[in-house]
Amino acid sequence: MKIRIDHDRCRGAGQCALTAPELFDQSDDDGTVVLLNEQPPPELHDRARLAAGLCPNAVIHVTDEP
């Protein structure tokens with residue numbers, strides 16, 4: 001799995017950091033998403049997909065590529 005973020009569209013809602021704090025944080029400067037691990041281990045794949053689905057601006061893109 002690989003996670004990609006479209007930073008230009010992030011509005012800092014924070015759903016990703018609340019859903020998967022192991023993978024996402026928010027910038028202290030503007031509150032936008034900070035990706036902590038672009039290739040998470042298998043046990044975090046479901047959380048990554050859930051965070052992507054909950055993002056109100058759909059800025060988190062999850063693919064199954066290695």
Side-chain angles (χ1 to χ4, degrees):
M1 168 181 278
K2 188 167 187 174
I3 302 172
R4 186 177 54 82
I5 303 294
D6 186 355
H7 287 279
D8 293 338
R9 296 179 47 221
C10 182
R11 298 295 177 249
Q15 291 301 311
C16 55
L18 292 172
T19 304
E22 307 90 344
L23 301 173
F24 306 100
D25 198 356
Q26 289 183 272
S27 167
D28 290 336
D29 295 332
D30 60 7
T32 59
V33 63
V34 174
L35 180 59
L36 302 176
N37 186 349
E38 70 177 22
Q39 293 182 313
E43 62 268 22
L44 294 177
H45 288 186
D46 286 345
R47 287 178 156 250
R49 288 186 183 98
L50 180 60
L54 291 174
C55 178
N57 293 314
V59 304
I60 301 170
H61 306 279
V62 176
T63 62
D64 287 329
E65 67 183 70

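Numbering starts at 1 and runs along the sequence shown. Everything numeric in this text was worked out from a predicted model, so none of it was measured.
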* Minimum heavy-atom distance between Asn57 and Arg11, given as atom pair plus value -> ND2-CG, 3.0 Å

* Asked: How far apart are the closest heavy atoms of Gln26 and Ala13, and which atoms are they?
  -> NE2-C, 4.3 Å

Do [X] and [Y] come within less than 4.5 Å of each other through their side chains, counting heavy atoms only?
X     : Y     : value
Val33 : His7  : yes
His61 : Cys55 : no
Glu38 : Lys2  : yes

For the [atom1] atom of [X] and the [atom2] atom of [Y], what is their distance to the nearest 0.5 Å?
X     : Y     : atom1 : atom2 : answer
Leu44 : Asn37 : CG    : CG    : 7.5 Å
Cys10 : Leu35 : SG    : CG    : 11.5 Å
Thr63 : Met1  : OG1   : CE    : 8.0 Å
Ile60 : Gln15 : CD1   : CD    : 10.0 Å

* Asked: Can you hop from Val34 to Leu23 via hydrophobic side chains spaced under 4.5 Å?
  -> no

* Asked: Quick one: does Arg49's side chain have a donor or acceptor within less than 3.5 Å of a partner on Val62's backbone?
  -> no

* Asked: Does Thr32 offer a backbone N or O that forms a donor-acceptor pair with the side chain of Asp30 under 3.5 Å?
  -> yes

